[in-house]
Undergrad: 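I'd like to ask some things about the structure below.
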Amino acid sequence: MLNQEVECIWPLGATLGEGPCWHAADQALYFVDIKGHAVHRCAADGSARRSWHLLGQVGFVLPLASGGLVCGLPHSLLHLDPHSGATRVLREVEPDTPNNRCNDGFADAQGRLWFGTMDDGEREHSGALYLWDGQRLRQQDSGYIITNGPCISPDGRSFYHTDTRAKCIYAYDLAPDGSLSNRRVLIRPEPPGHPDGTCIDAEGALWVAMFRGGRVDRYAPDGRLIGSIALPCPNITKLAFGGPDGRTAFITTARKGMTPEEISQAPLSGALFRVRLAVPGLPQHLLAPIA
């Protein structure tokens with residue numbers, strides 16, 4: 001195990017905390033509570049807290065270069081103005097798949113949005129992977145029950161995507177136009193737990209949150225396990241790098257599916273954590289301006 005000390009900076013008890021992303025201009029971390037229909041923000045030390053509640057489950061939140069945030073709602077991409085709280089729909093998503101919702105998103109270096117959808121009941125293979133450039137919405141893969149963790153290698157040539165139910169992480173070849181090819185299984189994490197959200201550090205290593213595994217694993221680009229960080233709760237959902245030097249990792253967690261007894265044994269479940277790491281993460285990209 002890696003020997004870093006994990007610190008709780010916001011014990012908010014989220015039902016399904018997810019999607020942390022660092023906004024360098026704001027010097028703030030944004031993340032969501034999917035089942036709480038909430039977007040949260042705080043400073044790197046957990047102070048300066050603010051929350052917005054939306055009319056639906058919010059799968060991810062990502063900052064726009066033109067200001068504001070893009071949120072993934074069950075059947076739409078939504079613009080949120082954090083100053084006024086005003087929202088507007090940017091794009092419909094799967095209006096004919098009523099049981100699906102958005103889940104986990106990523107902004108690439110071109111300012112495009114990668115995100116997945118999933119069956120909210122976690123039974124049907126109705127989820128898909130999408131790429132949105134602000135105008136065109138393209139389906140890039142399909143057949144998922146739970147999509148998670150889209151991210152891209154530092155050289156921009158490899159794309160990674162998590163099939164949580166199948167307990168594996170795929171790698172693809174990524175073309176400049178966003179086309180994906182050569183899908184293959186890169187990682188099948190050791191039990192316990194299911195792979196959830198992922199992110200990449202400056203060395204190209206892949207960090208994988210393990211839901212029901214109580215840890216975050218670090219994998220080399222070739223899929224070898226090279227380290228783990230243990231947390232004081234079982235449901236780890238995603239890690240994101242940030243802070244002034246990019247060496248602070250922020251980790252979201254969840255209470256979803258836990259019994260009262262399990263929560264009493266792990267009372268920090270659903271909290272936001274941070275840990276200092278030797279290797280920085282990649283910069284958080286901003287989504288391209290939306291007309």
Side-chain angles (χ1 to χ4, degrees), residues 14-19 32-39 54-62 70-78 89-108 112-152 159-172 174 178-189 193-198 208-212 235-238 252 254 256-257 287:
T15 303
L16 187 51
E18 256 286 9
V32 302
D33 179 353
I34 297 175
K35 297 300 182 182
H37 301 186
V39 175
L54 304 182
L55 297 176
Q57 300 181 79
V58 52
F60 63 83
V61 59
L62 290 166
V70 171
C71 305
L73 274 289
H75 301 293
S76 66
L77 301 177
L78 195 75
V89 174
L90 299 171
R91 169 80 197 212
E92 281 194 329
V93 177
E94 296 183 343
D96 299 323
T97 312
N99 295 325
N100 273 14
R101 65 169 175 84
C102 289
N103 192 58
D104 214 351
F106 172 79
D108 69 16
R112 301 174 298 194
L113 170 63
W114 295 83
F115 69 96
T117 60
M118 61 170 280
D119 172 33
D120 193 42
E122 301 181 10
R123 293 181 299 271
E124 303 299 326
H125 290 82
S126 56
L129 172 68
Y130 290 93
L131 174 60
W132 187 54
D133 63 7
Q135 297 183 348
R136 186 168 57 139
L137 184 66
R138 285 189 278 168
Q139 187 180 107
Q140 303 292 80
D141 202 359
S142 61
Y144 293 87
I145 297 177
I146 302 175
T147 59
N148 256 310
C151 58
I152 294 174
F159 181 86
Y160 307 104
H161 192 229
T162 301
D163 188 334
T164 295
R165 265 289 184 251
K167 298 186 179 181
C168 70
I169 297 168
Y170 299 116
Y172 308 70
L174 174 61
S179 299
L180 300 177
S181 60
N182 188 28
R183 188 179 92 167
R184 64 272 185 196
V185 174
L186 178 68
I187 298 167
R188 289 194 183 275
H194 291 69
D196 204 305
T198 63
V208 181
M210 293 298 295
F211 197 90
R212 282 289 179 180
N235 295 339
I236 318 305
T237 56
K238 194 164 185 176
T252 49
K256 179 179 178 289
L287 295 174

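Just so it is clear, the model here is predicted, and its values are computed rather than measured.
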Undergrad: What are the two closest non-hydrogen atoms of Thr97 and His75, and how far apart are they?
TA: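 Residues Thr97 and His75, closest heavy atoms: O-CE1, 3.0 Å.
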Undergrad: Can you tell me if Asn100 uses its side chain to pair, donor with acceptor, with the backbone of Ser126 under 3.5 Å?
TA: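 Such a contact is found between Asn100 side chain and Ser126 backbone.
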Undergrad: Looking only at side-chain N and O atoms, does Tyr170 offer a donor or acceptor that is under 3.5 Å from a partner on Asp141?
TA: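 No, no side-chain donor-acceptor contact under 3.5 Å.
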Undergrad: Gly149 and Thr198: which non-hydrogen atoms are nearest, and at how many Å?
TA: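 For Gly149 and Thr198, the tightest heavy-atom pair comes out as O-OG1, 2.6 Å.
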Undergrad: Return each pair, listed once, that meets salt bridge (charged side-chain N to carboxylate O under 4.0 Å, His left out) where at least one residue sits in residues 126-137; pairs must be two or more places apart or across chains.
TA: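 Output for this query is empty, none listed.
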Undergrad: Is there side-chain contact between Val70 and Leu90, with at least one heavy-atom pair below 4.5 Å?
TA: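 Yes, at least one pair of side-chain atoms sits under 4.5 Å.
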Undergrad: Gln140: what forms a side-chain hydrogen bond (donor to acceptor under 3.5 Å, both in side chains) with it, not counting sequence neighbours?
TA: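 Gln140: no side-chain hydrogen bond (donor to acceptor under 3.5 Å, both in side chains) contacts found.
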Undergrad: Quick one: pull up CG in Asp33 and CD in Gln57 and give me the separation to the nearest 0.5 Å.
TA: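 That separation rounds to 10.0 Å.
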Undergrad: Strictly below 4.0 Å, N to O, side chains only: are Asp120 and Lys35 in salt-bridge contact?
TA: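 Counted as a salt bridge, because a side-chain N and a carboxylate O are separated by less than 4.0 Å.
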Undergrad: Hey, does the side chain of Asn103 reach the backbone of Gly59 with a donor-acceptor pair shorter than 3.5 angstrom?
TA: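 Side chain of Asn103 to backbone of Gly59: no pair is present.
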Undergrad: Where the side chain of Thr237 meets the backbone of Gly17, is there a donor-acceptor pair that is under 3.5 Å apart?
TA: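 Yes.
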Undergrad: Quick check for you: to the nearest 0.5 Å, what is the distance between Phe106 atom CZ and Leu287 atom CG?
TA: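 One finds 10.0 Å between CZ of Phe106 and CG of Leu287.
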Undergrad: Taking the side chain as everything from C-beta on, heavy atoms only, tell me whether Thr147 gets closer than 4.5 Å to Leu129.
TA: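 They are not in contact (no side-chain heavy atoms under 4.5 Å apart), so the answer is no.
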Undergrad: Indicate yes or no: at least one non-hydrogen side-chain atom of Leu77 is less than 4.5 angstrom from one of Tyr130.
TA: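 No - every pair of side-chain heavy atoms lies 4.5 Å or more apart.
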Undergrad: Can you tell me how far the CG atom of Asp104 sits from the CG atom of Asn148, to the nearest 0.5 Å?
TA: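 Between Asp104 CG and Asn148 CG, I get 5.0 Å after rounding to 0.5 Å.
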Undergrad: To the nearest 0.5 Å, tell me how far Ile236 CD1 sits from Thr252 OG1.
TA: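 Taking CD1 in Ile236 and OG1 in Thr252, the distance rounds to 8.5 Å.
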Undergrad: With no hydrogens and no angle check, is any side-chain donor or acceptor of Asn235 less than 3.5 Å from a backbone partner on Lys256?
TA: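 Side chain of Asn235 to backbone of Lys256: a pair is present.
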Undergrad: Work out which heavy atom in Ile145 is nearest to a heavy atom in Met118; give both atom names and the distance.
TA: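 Looking at all heavy atoms of both residues, the shortest contact is O-CB, 3.1 Å.
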Undergrad: Got a sec, which pairs hit salt bridge (charged side-chain N to carboxylate O under 4.0 Å, His left out) with one end in residues 90-100, sequence neighbours left out?
TA: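 Non-adjacent pairs meeting salt bridge (charged side-chain N to carboxylate O under 4.0 Å, His left out): zero.
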Undergrad: Would you sort out whether Arg165 and Glu122 count as a side-chain contact (heavy atoms from CB on, under 4.5 Å), showing the intermediate values?
TA: CA-CA 8 Å; Arg165 265 289 184 251; Glu122 301 181 10; 3.5 Å; yes
Undergrad: Are the side chains of Pro150 and Phe115 in touch, meaning some heavy atoms are under 4.5 Å apart?
TA: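 Pro150 does not reach Phe115 side chain to side chain.
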Undergrad: Look at the aromatic rings of Tyr144 and His161 and report parallel, tilted or perpendicular, splitting at 30° and 60°.
TA: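 Geometry flag for His161 against Tyr144: perpendicular rings.
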Undergrad: To the nearest 0.5 Å, tell me how far Tyr160 OH sits from Leu174 CG.
TA: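 One gets 10.5 Å once the value is rounded to the nearest 0.5 Å.
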Undergrad: Compare every heavy atom of Arg184 with every heavy atom of Tyr172, then report the nearest pair and how far apart it is.
TA: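 Taking Tyr172 first and Arg184 second, the nearest heavy atoms are C-NH1, 3.3 Å.
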Undergrad: I'd like to know if Lys238 pairs up with Asp196 as an ion pair, taking the criterion as any Lys NZ or Arg NE/NH1/NH2 lying under 4.0 Å from an Asp or Glu carboxylate oxygen.
TA: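 Result for this pair is no, no salt bridge flagged.
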Undergrad: Tell me if a side-chain donor or acceptor on Thr117 pairs with a main-chain N or O of Ala128 at a distance below 3.5 Å.
TA: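 Present.
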Undergrad: What distance separates Cys102 SG from Ile34 CD1, expressed to the nearest 0.5 Å?
TA: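 That separation rounds to 10.0 Å.
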Undergrad: Can you name the closest pair of heavy atoms from Cys168 and Pro195 and give their distance?
TA: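 Here Cys168 and Pro195 meet closest at N-CG, 3.8 Å.
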Undergrad: Would you indicate whether the side-chain heavy atoms of Val58 and Val39 approach each other to under 4.5 Å?
TA: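 Yes, side chains in contact.
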Undergrad: Quick one: closest heavy-atom pair of Thr164 and His194, and the distance?
TA: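 So the minimum-distance heavy-atom pair works out to O-CD2, 3.2 Å.
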Undergrad: How far apart are the C-alpha atoms of Leu113 and Leu131, what are their side-chain angles, what is the distance that settles it, and do they pass the side-chain contact (heavy atoms from CB on, under 4.5 Å) test?
TA: CA-CA 6 Å; Leu113 170 63; Leu131 174 60; over 6 Å; no
Undergrad: Before you tell me yes or no, could you show the steps for Trp132 and Val93 under side-chain contact (heavy atoms from CB on, under 4.5 Å), namely the whole-Å CA-CA distance, both residues' side-chain angles and the distance that decides it to 0.1 Å?
TA: CA-CA 11 Å; Trp132 187 54; Val93 177; over 6 Å; no
